Structures are given as structure tokens and as C-alpha cells.
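Note sheet for the following structure.
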Amino acid sequence: MTRKFIIVFVITTLFTALVVGFSWIYLSQLLRQRLLWADETASQLTNQLEYAASKAVPDLTSTRVDTSNPKAMRTAITNYLQTDTNLNDMLEAVVGNSRIIYDAAIIDPNGLAILDTNPAMNGRPVPERARLAVLRDAGFRHQLRLLYGPASVYDVSIALELDGQEFGSVRVGVATVFLRNELTPKLQQAAFFSVVAIFCSLVLAAVVSNVALGPLKAIARSLDSASAGDLLPAEESGSEDEVGLVSLKIAHLGRQIHDTNQIFSALKDNVEQVMTKLQDGLMLFTRDSRVVLVSASAEKFLGRPRREILGRTAEEIFSDGSVLGAVVLPAFQKQRPLVQYEFEAADGRRVQVSLDFIQEKGTPIGALLTMRDAESVRRIEDEIEISRRLSASGRLTRGVAHEVKNPINAIVLHLQLLQNKLQQDDPDTRRHMDIIGNEIHRLDRVVQILVDFTRPRDLRMEDVDLRKILESVSVLAAPDAARHGVRVVLELPHHELPSHDLTSDDLTDQDLPDQNDALMVRVDSDLMKQAILNLVLNGVQSMTGGGTLTLKARRDAEMVLAEVMDQGSGIPPEAQEKIFELYFTTKGDQGGSGIGLAQTYQIMQWHYGSVEFDTIVGAGTTFRLRLPATVAKPDRREELTA
């Protein structure tokens with residue numbers, strides 16, 4: 001076997017491998033694009049069906065359907081869906097007009113078909129099928145096996161929400177037989193061109209290699225002559241064509257590597273953005289316990305910047321002398337997961353730690369460490385529980401109010417008739433009847449308050465500077481605060497506030513908040529004033545010996561934070577978990593209704609905000625209101641002076 005044959009064979013094999021590789025990539029990309037197209041088509045049809053279904057069902061509160069009876073609601077919704085002509089026509093059109101759709105169905109929460117393109121399936125359980133994403137996201141070879149294996153149907157589904165509640169799903173089935181019929185001609189055409197390209201590359205590589213290496217014997221003779229001391233002819237001194245070809249190939253490969261690095265850099269930037277916005281501290285470790293990803297929040301748990309953590313091992317990051325290290329390091333050594341282990345950090349915070357080991361086919365490939373503030377988790381759980389209780393109390397209150405107001409109205413009517421009859425006969429009896437009437441009217445006002453609290457509200461949202469709302473609240477609360485010997489102080493960013501003796505009409509341009517320091521929020525101004533005023537009045541009433549009540553506001557990342565700080569008696573520990581519950585009050589005989597704080601909590605929920613508090617018994621309480629911040633408009637000063 002000559003050296004020339006070996007070189008020709010190696011070069012030809014290299015060309016063939018390149019063509020085969022690029023052909024493989026081209027075919028895989030072609031198949032993936034067609035599957036992405038099929039997934040997008042099915043998703044669009046699913047969204048159209050979901051929209052048509054939502055339009056087919058009217059607002060049930062305006063019908064005779066008992067909305068408090070889930071079974072009656074499901075029956076009514078099913079009837080509306082099954083009798084809607086537009087929805088039925090669209091179901092038939094989905095299958096008839098698409099080349100890849102096998103069937104479509106609307107399914108209730110129990111998995112029964114409400115409407116199906118196959119009428120025999122209506123009212124029957126719909127079998128579970130694999131999602132189309134399984135086929136779409138599979139590898140190229142796996143896609144071919146699934147596509148050209150036994151015929152099957154893959155689903156694309158979306159949740160169906162009707163009358164504000166989740167009600168089953170909309171499902172569209174994509175058949176592999178239809179996909180195969182759609183893709184096979186294109187794959188055959190691409191495969192044919194790939195085979196032709198491979199054959200042409202073989203021939204071209206052989207010809208080019210033979211032509212390029214033809215002068216090899218002459219070069220060998222020249223080398224022999226040179227080794228013998230003979231001078232080489234000028235025309236045989238050599239050529240740089242082969243070097244140029246190698247340089248061209250290297251440049252081509254360099255461009256490919258450059259493109260790959262750009263893609264990797266873009267992906268890395270996206271991951272960094274996601275990790276920056278996470279509230280939990282996340283750390284991703286490789287198989288050898290070396291950190292490759294760190295979220296920004298991990299810095300506050302570890303007390304070290306990310307640049308000092310990346311690339312280091314768990315032993316280098318965690319210390320045996322720390323509580324966190326004493327828990328995490330043994331888990332890494334024994335490859336033992338941690339499930340929400342809770343401990344107290346050095347700064348007094350309660351921290352939950354979870355460690356999960358990532359495996360692929362039974363082989364460990366890394367680990368994920370999660371650190372979260374336990375108090376935040378409990379706070380969210382408490383807010384959910386309070387929301388549930390308020391919702392339940394609202395439903396109960398509306399029912400009770402409806403049942404109570406009718407008898408009250410009847411009693412008032414007959415009491416007036418009785419008063420008219422007894423007015424001339426017995427004046428003393430008249431006095432007792434007046435007392436009864438006043439008490440009945442008071443009871444009616446209490447019932448009306450409950451009805452108003454639980455009635456749904458239409459929010460009139462507008463962009464407002466929160467500092468302006470705090471100013472208005474301070475003016476409203478000033479008379480009551482003065483009677484209790486309390487001084488209301490506002491501490492707002494770069495703004496000297498006017499005296500409480502001024503009205504809003506007396507404010508000048510110098511009194512208005514600076515646009516650059518604006519704390520813009522999108523709220524219903526009247527409701528937000530009421531929410532803050534409830535807290536201010538509670539604080540004033542708790543300061544029986546007088547003092548100072550402070551209103552503060554500032555920007556906190558993407559939120560606006562308002563604080564109401566009093567110097568009152570504080571909230572007893574046994575009452576702290578109940579203060580946002582409806583009708584709960586600590587004022588006893590002082591006339592507390594137990595509605596104010598519950599109303600504040602409800603208003604903050606309507607505005608996607610939150611309310612929390614810190615209290616020291618005997619020293620005072622601080623309530624904190626958080627609202628999503630908005631961007632101030634350029635003409636904000638004109639709005640404020642309007």
C-alpha cells in the first residue's frame with residue numbers, strides 16, 4: 001500500500017464524513033422545523049377553540065343557574081358548549097381543513113368529553129395521550145423512530161377557563177400518520193440531494209487529491225536530489241496552494257467555532273438574567289461538586305459575591321464551623337439529598353435549605369442547592385390562609401345579610417304603623433317604640449356595612465404619586481389626631497410638605513412632589529386613601545397618651561413601600577395572627593368594628609400589593625404597604641396642578 005493511496009483514502013474519508021455530518025444536521029433541522037410548524041399549528045387551533053368555548057358560555061351570574069352549586073354550574077356550562085353552533089362548526093373545521101389534525105375535543109374536569117369530533121366519544125372518558133412536545137423535543141433518531149414507528153396520536157392541550165374558573169381543557173390530536181405523509185416527500189428529497197452530494201464529494205475528493213498529490217513523486221525525487229546536494233530547478237521550488245487550502249479550512253472552522261461561542265454566550269446571558277431575578281438562592285454544582293451557576297440571591301445567604309463562588313468546590317465555599325456547612329458538606333460527601341432542612345442563620349433569619357442530586361440514567365451528573373427565607377414562605381402561606389378566610393366570610397356575610405335585611409324591613413314597616421296607632425293613646429309607650437326603632441335602624445346600618453364590604457368593586461385605576469395620597473390622608477386624619485394629642489409627620493423623598501391647615505386648592509407648584517422623586521403607582525385613589533386612613537386612625541386610637549405618628553414612602557426595587565409608624569401600645573402576640581380577619585378587634589367596648597384592617601388587606605390584594613407589620617408591645621407598631629411601581633409620565637407636574 002503506497003503512501004499516495006493512504007493520503008488519498010484519508011482525504012476522501014474526511015470529505016465524506018463532512019458531507020455526511022452536514023447532511024445529518026440538515027435533515028435533523030428540517031424534521032425539527034416541520035415538527036415545530038405542526039406544534040404551532042395545533043397550538044393556534046387549540047387557542048381558537050378555547051376562545052370560541054369561552055364565548056359560548058355567558059356570565060352565569062346573570063342567568064338562573066345556581067352559581068353556588070358546582071354540579072349545576074358544570075351541567076349548565078356543558079349544555080352551553082354542546083349547543084353552541086359556532087363551536088361545533090369550528091370543531092368540524094379543525095379536522096376537515098388541516099392536513100395533520102386527527103381529532104379535537106373539549107374535556108371537562110373529570111376527563112369526560114363534552115364535545116368531540118367523534119360524536120361517539122361525547123360523554124365518555126377521553127384516554128390520556130402523549131403530548132406533541134415529547135415528539136418535538138426528542139433527538140433526531142428518536143424522532144424518526146417515533147414518527148415512522150407504529151401509528152400514534154400526540155396531543156396539544158390548553159386549560160379552559162369559564163366564568164372565572166378552570167373548567168377542563170381543550171385538546172387537539174396530531175396523528176403521526178398525517179405528519180409522516182407531510183414530511184416523507186421533503187425528507188426523501190433532502191435525503192436524495194444528500195446522497196448526491198456525498199457521491200459528488202467522493203468523486204471530487206478523489207480527483208482533487210489525485211491532482212494535488214500527483215507531483216508527489218517529483219517532490220520525492222527533488223528531495224532526493226536535494227539530499228544528494230543537487231540544486232533544485234526554480235519551477236520545482238514548491239507552491240503555497242496547499243497551505244492556502246488549509247488556511248481556508250481553518251478559517252471556515254474558526255467561523256463555526258465563533259458562531260458556536262456567540263450562541264453559548266447568548267444562552268449564558270439569558271440564564272444570568274433569570275438567575276438575577278430569582279428570590280431563592282440557587283447554586284448548580286457539577287459532578288465534582290464545583291459551582292457553575294449562582295443566583296444573585298445566593299449572595300445574601302452566603303455573604304459572598306458570586307465571583308468568589310463560581311468555579312469553587314463545595315468544600316471551598318462552605319465551612320464545617322458554620323451551620324450551613326455542617327449540614328451541606330456531609331450531604332455532598334454521602335450523596336444524600338436534603339429536603340427543606342430549616343436552621344437559624346447568624347443574622348437571626350430562619351433559612352430553608354434543599355439539596356437535590358441530578359442523575360442521568362442512574363449516574364450522578366450534578367447537584368442543585370436551594371436556599372430560601374423561611375419567614376417569606378410562611379408569610380405567603382399566611383396571606384393565602386387570610387385570603388381564604390376572607391373569601392369564606394364574604395360568602396357567608398352576603399347570605400346572612402340577604403336573610404336579615406328582609407325581616408328588618410318588615411319590622412321597620414310594622415313598627416311605624418304601630419307608632420302611629422299608639423301616638424295618641426300612650427306617650428310613654430311611644431318613647432319605648434322610638435328606642436326600638438333606633439336600634440333596628442342601627443342593626444340595618446351594620447348589615448349594610450357588611451354588604452358593602454363583601455360586594456365586588458369596579459376599580460378606577462390611574463397612575464398616581466403615592467406621596468400625594470399620603471398627603472391627603474394626613475390632612476383627613478389631622479382633626480382626629482389633634483383630639484388624641486397625636487402629631488402626624490410625613491417623611492417623603494426630597495419634599496417639604498405643606499401645613500395641614502392648607503387644602504388641596506391652596507397647594508402651589510413648590511408644594512407639589514418633584515417629578516424626579518415621584519413614587520408612581522397604579523391604584524384606585526379613593527380605595528387606597530381608605531386603606532391607609534384605616535391604618536392611620538387605628539394608630540391614632542392606640543396612642544392614648546399622645547405622641548407622633550409617622551408616614552413614610554420610598555422606592556424599593558420594583559415596588560413602592562409606604563410605612564405607617566405609631567407609638568401606641570402595640571399588638572399583643574395572641575392577636576397578631578388574627579388582626580386581618582374580618583370582625584376581629586382588640587378595642588372591646590371602645591367601639592371597634594373589626595372591619596378596617598380586613599378592608600385594608602382586601603384593598604391591597606385588589607392592587608396586587610401586600611401589607612405586613614412589625615410590633616413591639618408597649619412601644620408601637622409599623623405597618624408596611626407594598627405596591628408595584630409604575631413609570632412616571634413626562635407631564636406629571638401638569639397632572640398634579642390640574
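Bear in mind the structure is a predicted one, so any value in this text is a computation, not a measurement. Just so it is clear, the values below take in all heavy atoms, side chains as well, and ignore hydrogens, waters and symmetry mates.
Among residues two or more places apart in sequence or in another chain, the side chain to side chain donor-acceptor pair (under 3.5 Å) test is passed with Asn86 by none. Residues meeting the salt bridge (Lys or Arg N to Asp or Glu O under 4.0 Å) test with Arg372, sequence neighbours left out: Asp280. Remark: Gln44 pairs with no residue by the side chain to side chain donor-acceptor pair (under 3.5 Å) rule, at least two apart or across chains. Applying the side-chain contact (heavy atoms from CB on, under 4.5 Å) criterion to Thr622, with sequence neighbours excluded, gives Glu563, Met565, Arg624. For Tyr51, the side-chain contact (heavy atoms from CB on, under 4.5 Å) partners at least two apart in sequence or on another chain are Ser54, Lys55. Applying the side chain to side chain donor-acceptor pair (under 3.5 Å) test to Ser157 and every residue at least two apart in sequence or in another chain returns Arg131. Shown here are the salt bridge (Lys or Arg N to Asp or Glu O under 4.0 Å) partners of Arg555, two or more places apart in sequence or in another chain: there are none. Legend: residues meeting salt bridge (Lys or Arg N to Asp or Glu O under 4.0 Å) with Asp356, ordered by chain and number and at least two apart, are absent. Asp155 pairs by the salt bridge (Lys or Arg N to Asp or Glu O under 4.0 Å) definition with Arg129, Arg171, not counting sequence neighbours. Not counting sequence neighbours, the partners of Glu462 by the side chain to side chain donor-acceptor pair (under 3.5 Å) test are Ser525. With sequence neighbours excluded, the residues forming a side-chain contact (heavy atoms from CB on, under 4.5 Å) with Thr78 are Gln82, Ile114, Phe167, listed by chain and number.
In terms of heavy-atom proximity, Val156 sits nearest to Ala42 at CG2-CB, 3.7 Å. Looking at every heavy atom in both residues, Leu91 comes nearest to Ala104 through CD2-CB, 3.7 Å. In plain terms, the two heavy atoms of Gln567 and Thr548 that are nearest each other are OE1-N, 3.1 Å. Glu50 approaches Glu161 most closely through the heavy-atom pair OE2-N, 4.1 Å. For the pair Pro493 and Ala553, the tightest heavy-atom approach, listed with the atom from each and the gap, is CD-O, 3.3 Å. Nearest heavy-atom pair, Leu115 versus Leu87, reported as atom, atom and distance to 0.1 Å: CD1-CD2, 3.7 Å.
Distance CZ/Phe623 to OG1/Thr600: 8.5 Å, rounded to 0.5 Å. Put simply, CD1 on Ile106 and OG1 on Thr46 are 10.5 Å apart, with the number rounded to the nearest 0.5 Å. One finds the CG atom of Leu293 at 9.5 Å from the CG atom of Leu282 (value rounded to the nearest 0.5 Å). Atoms CG and CG, on Asp556 and Leu519 in that order, are 11.0 Å from each other to the nearest 0.5 Å. Note that CD1 of Ile158 and CG of Asn47 are 4.0 Å apart. Values are rounded to the nearest 0.5 Å. Atoms CD1 and CD, on Ile469 and Glu471 in that order, are 10.5 Å from each other to the nearest 0.5 Å.
Side-chain contact between Leu302 and Leu324: present, with at least one pair of heavy atoms (C-beta onward) separated by less than 4.5 Å. A 4.5 Å side-chain heavy-atom check between Met604 and Leu627 finds at least one atom pair inside the cut-off. For the pair Leu112/Pro125, a side-chain contact is recorded, criterion being any heavy-atom separation below 4.5 Å from C-beta on. No side-chain heavy atom of Thr621 sits less than 4.5 Å from a side-chain heavy atom of Ser542. The side-chain heavy atoms of Val564 and Leu551, taken from C-beta on, include a pair separated by under 4.5 Å. Looking at Val540 and Arg483, their side chains never come closer than 4.5 Å, going by heavy atoms from C-beta outward. Side-chain contact between Leu535 and Phe613: absent, with no pair of heavy atoms (C-beta onward) separated by less than 4.5 Å.
Note: Tyr601 and Phe580 have tilted aromatic rings, judged against thresholds of 30 and 60 degrees for the angle between ring planes.
Each of Leu549, Leu476, Val486, Asp480 was compared with Val536 under the side chain to side chain contact (heavy atoms under 4.5 Å, CB included) criterion, and only Leu549 meets it.
The stretch residues 535-552 participates, sequence neighbours left out, in these salt bridge (charged side-chain N to carboxylate O under 4.0 Å, His left out) pairs: Glu491-Lys552.
Remark: the backbone N or O of Gln530 is paired with a side-chain donor or acceptor of Asn534 at under 3.5 angstrom. Although no hydrogens or angles enter the test, the distance criterion places a donor-acceptor pair under 3.5 Å between the side chain of Asp108 and the main chain of Asn110.
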